[in-house]
Undergrad: 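Below you'll find the structure I mean.
As a basis for the values below, the full set of heavy atoms in this structure was taken, side chains included, without hydrogen atoms, waters or symmetry mates. Reminder, nothing fancy here: chain letters follow the sequence lines and each chain counts from 1.
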Protein chains: 2
Amino acid sequence: MSKCEQCIVREFSSLKALNKDELLKIAECKTSKIIKKGETIFAEGENVNGIFCVKDGICKMTKLSPNGKDQIVKLVTKGELLGQRSMISEEPANLSAVALEDMQVCFIPKTEILGFFDKNNQFSMNVMKTICGDLKLADDHMVNMAQKSVKERLAETLIYLHETFGTNTDKTLKVQLSRDELASMIGTATESCIRLLSDFNKLGLIELVGKKIVLKDIQKLKKLAD
Amino acid sequence: MSKCEQCIVREFSSLKALNKDELLKIAECKTSKIIKKGETIFAEGENVNGIFCVKDGICKMTKLSPNGKDQIVKLVTKGELLGQRSMISEEPANLSAVALEDMQVCFIPKTEILGFFDKNNQFSMNVMKTICGDLKLADDHMVNMAQKSVKERLAETLIYLHETFGTNTDKTLKVQLSRDELASMIGTATESCIRLLSDFNKLGLIELVGKKIVLKDIQKLKKLAD
DNA sequence: CCTCAACTATGATATTTATCATATAAATGT
DNA sequence: ACATTTATATGATAAATATCATAGTTGAGG
């Protein structure tokens, strides 16, 4: 069982407010897991009963729309926590978490976390601030979906992927989403997404290297995204 | 200065966790305001420095999209609190709050509320749960915007307005939004919204009584909304 | 190395939605 | 009460997007 003290999640998440003793308590009760690409960490409607710390890898948070299509609501990467909302609301998960690449995560039971809420105010405030940040992003995201065209949303998403997750040595985007997943992020049909990528390619805004994408003209993309 | 003990906001919001002494402290420092229909309680980008308790009336929370159009993100009505996210995140307001009808609100300074976070855990948990609820709604809303057609969103919104705010004695919807505002809720052009209302009218799903709307066939509307 | 399935790509077409134009109705101020 | 603005309504058209069809490409497993 590895220690939590030097874990990356501790540095970046709400957990940074925990002291040595509290970290030791977590280290004792946590469960480490390896999640393979494509595997589900938890699914919409499931009772989670704790939170997951993402130690490595990226996952997509999705929600099934009544029309049967999956919408990617957001991406979560190393250093972040999963399942906080569900735990606090005492409700089943509203979103599914599915690994986009191999992941290392730790599960910490609800009982442990809820104890910290009572005793460690800084921790509570951190969690609250994180969720408030998520709420702001969700509202902003909603307005984008409602007001922007598919083209604008695609440009914006490409820039987001570039700025947030960076590139490989060959300049291709590090997070490798399928065209289908990219379409599901921007909320459009797969064919429309492919077609627009093709257009962007012809316009010299991006370059398609097999299934991978290179951003060639970020300034123009930003202008396009508004 | 009226007391807070019997106030409707106290019954329905996170404030219900506060004890008599705490309520008295609030009663002393709060400011009551009358907001006329159309007036702004606070605007996007403003520093709010406290929260507003909605004692009576309804307001819209809007965000300006880069294309210059206002998107209505949600409606807030009596018994609810405004400006919590901004206060907790220590950021300017992300949304504007504008009265849809005459309102009574009370302003409670930030300093007072932050004090309760330290001393009253139940209050903290209530606030956290409220924000978690907001986050779930925002995510769901986002998926709707991304995946549903304008027609589906209109049907869904009409049902929401009916179920949440009810009807007048003549069966018309109580919240009276202009066609423009309704369009801004569902994220479409005003003309498209008007046209669809007209279609729904011809199909017998709704009835247009001047600028007001009566839902005639809720079952069919629900089917339409998915 | 080959085969099958899944993914990517593109054309043709239908549907949805936005935009522009114009008309009518309702509200507002003087 | 009238003029002026503002909101609602509808038609015509253009633009955006989805859907259906089909073909090429890639990658995994035998």
Side-chain angles (χ1 to χ4, degrees), chain A residues 36-38 65-71 100-102 144-158 172-173 176-203 206-214 224-226, chain B residues 36-38 65-71 100-101 144-158 172-173 175-203 206-214 224-226:
Chain A
K36 290 272 169 197
K37 178 175 177 172
S65 159
N67 67 12
K69 284 187 197 166
D70 255 331
Q71 171 74 24
L100 287 176
E101 43 186 57
D102 292 355
N144 276 345
M145 286 297 176
Q147 298 283 351
K148 288 190 177 176
S149 69
V150 173
K151 193 186 290 182
E152 288 167 335
R153 268 141 55 198
L154 175 57
E156 191 177 36
T157 302
L158 290 174
T172 58
L173 292 180
Q176 209 184 320
L177 296 167
S178 67
R179 303 291 190 258
D180 193 52
E181 285 170 327
L182 191 53
S184 153
M185 265 194 92
I186 67 182
T188 190
T190 308
E191 298 95 321
S192 299
C193 175
I194 289 175
R195 223 179 289 274
L196 284 172
L197 284 174
S198 202
D199 292 350
F200 283 7
N201 187 13
K202 279 166 198 154
L203 290 169
I206 64 173
E207 193 186 335
L208 299 175
V209 183
K211 299 184 178 183
K212 296 184 177 178
I213 300 170
V214 181
L224 236 176
D226 249 355
Chain B
K36 290 274 172 198
K37 178 175 177 171
S65 160
N67 66 13
K69 284 188 197 168
D70 254 331
Q71 171 74 24
L100 288 176
E101 43 186 57
N144 276 344
M145 286 298 177
Q147 297 283 349
K148 289 190 178 178
S149 68
V150 174
K151 194 187 288 182
E152 288 168 335
R153 268 142 53 198
L154 175 58
E156 191 176 36
T157 301
L158 290 173
T172 58
L173 292 179
V175 217
Q176 209 184 318
L177 296 167
S178 67
R179 302 292 189 258
D180 194 50
E181 285 170 326
L182 191 53
S184 152
M185 266 193 93
I186 67 182
T188 191
T190 309
E191 298 96 318
S192 300
C193 175
I194 289 174
R195 222 179 291 273
L196 282 172
L197 283 174
S198 201
D199 292 349
F200 283 7
N201 187 13
K202 280 166 198 155
L203 290 168
I206 64 173
E207 193 186 333
L208 299 175
V209 183
K211 299 185 176 182
K212 295 185 179 180
I213 300 171
V214 181
L224 236 177
D226 249 355

Undergrad: Tell me the interatomic distance from Asp199(B), atom CG, to dG11(D), atom C1', rounded to whole angstroms.
TA: 13 Å
Undergrad: Does the side chain of Leu100(B) come within less than 4.5 Å of Glu181(B)'s, by heavy atoms?
TA: yes
Undergrad: dA18(C) P sits how many Å from Glu152(A) CD, rounded?
TA: 13 Å
Undergrad: Measuring from Gln176(A):CD to Leu182(A):CG, what's the distance to the nearest 0.5 Å?
TA: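 With rounding to 0.5 Å, CD (Gln176(A)) is 11.5 Å from CG (Leu182(A)).
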Undergrad: Could you tell me whether the side chains of Asp180(A) and Ser178(A) share a donor-acceptor contact shorter than 3.5 Å?
TA: no
Undergrad: Spell out protein contact along nucleotides 16-30 of chain D as letters: B when the base is contacted, S when just the sugar-phosphate is, - when no protein heavy atom is under 4.0 Å; keep the 5' to 3' order.
TA: -SBBB----------
Undergrad: In this structure, how many angstroms lie between the P atom of dA7(D) and the CG atom of Leu208(B), rounded?
TA: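 Rounded to the whole Å, the gap is 18 Å.
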Undergrad: Looking at CG of Leu224(B) and CZ of Phe200(B), how far apart are the two atoms once the value is rounded to the nearest 0.5 Å?
TA: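 One gets 5.0 Å once the value is rounded to the nearest 0.5 Å.
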Undergrad: Calculate, to the nearest 0.5 Å, the distance between atoms CD1 and CG belonging to Ile194(A) and Asn201(A) respectively.
TA: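 That separation rounds to 13.0 Å.
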Undergrad: Quick one: Gln147(B) CD to dT16(C) C1', roughly how many Å, whole number?
TA: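 Interatomic distance, CD of Gln147(B) to C1' of dT16(C): 16 Å.
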Undergrad: What does the inter-axis angle of the helix from dC1(C)-dG30(D) to dT30(C)-dA1(D) come out as, five pairs per end, nearest 10 degrees?
TA: 50°
Undergrad: Got a second to check how far Gln71(B)'s CD is from Gln147(A)'s CD, nearest 0.5 Å?
TA: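 Reported value, rounded in 0.5 Å steps: 4.5 Å.
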Undergrad: Nearest whole Å is fine: how far is dA27(C) P from Arg179(B) CZ?
TA: 12 Å
Undergrad: Can you measure Leu177(B) atom CG to dA7(D) atom P for me and round it to whole angstrom units?
TA: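 Checked: the CG to P distance equals 14 Å.
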Undergrad: Whole angstroms only, please: what is the CD1-C1' distance between Ile194(B) and dA9(D)?
TA: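 It is 6 Å, rounded to the nearest whole Å.
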Undergrad: dT10(C) phosphate, OP1 or OP2: any side-chain N/O from Ser198(A) under 4.0 angstrom?
TA: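 Checking Ser198(A) against dT10(C): at least one side-chain N or O falls below 4.0 Å of OP1 or OP2.
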Undergrad: Drop me the distance from Thr157(A)'s OG1 to Lys148(A)'s NZ, to the nearest 0.5 angstrom.
TA: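 Going from the OG1 atom of Thr157(A) to the NZ atom of Lys148(A) covers 9.0 Å.
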Undergrad: Is there a donor-acceptor pair closer than 3.5 Å between any side-chain N or O of Asp102(A) and the backbone N or O of Lys36(A)?
TA: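 The answer is no, because no donor-acceptor pair under 3.5 Å joins these two groups.
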Undergrad: Do Arg179(A) and Ile213(A) come within less than 4.5 Å of each other through their side chains, counting heavy atoms only?
TA: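 SC-SC contact between Arg179(A) and Ile213(A) confirmed.
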Undergrad: Nearest whole Å is fine: how far is dA9(C) P from Ile213(A) CD1?
TA: 9 Å
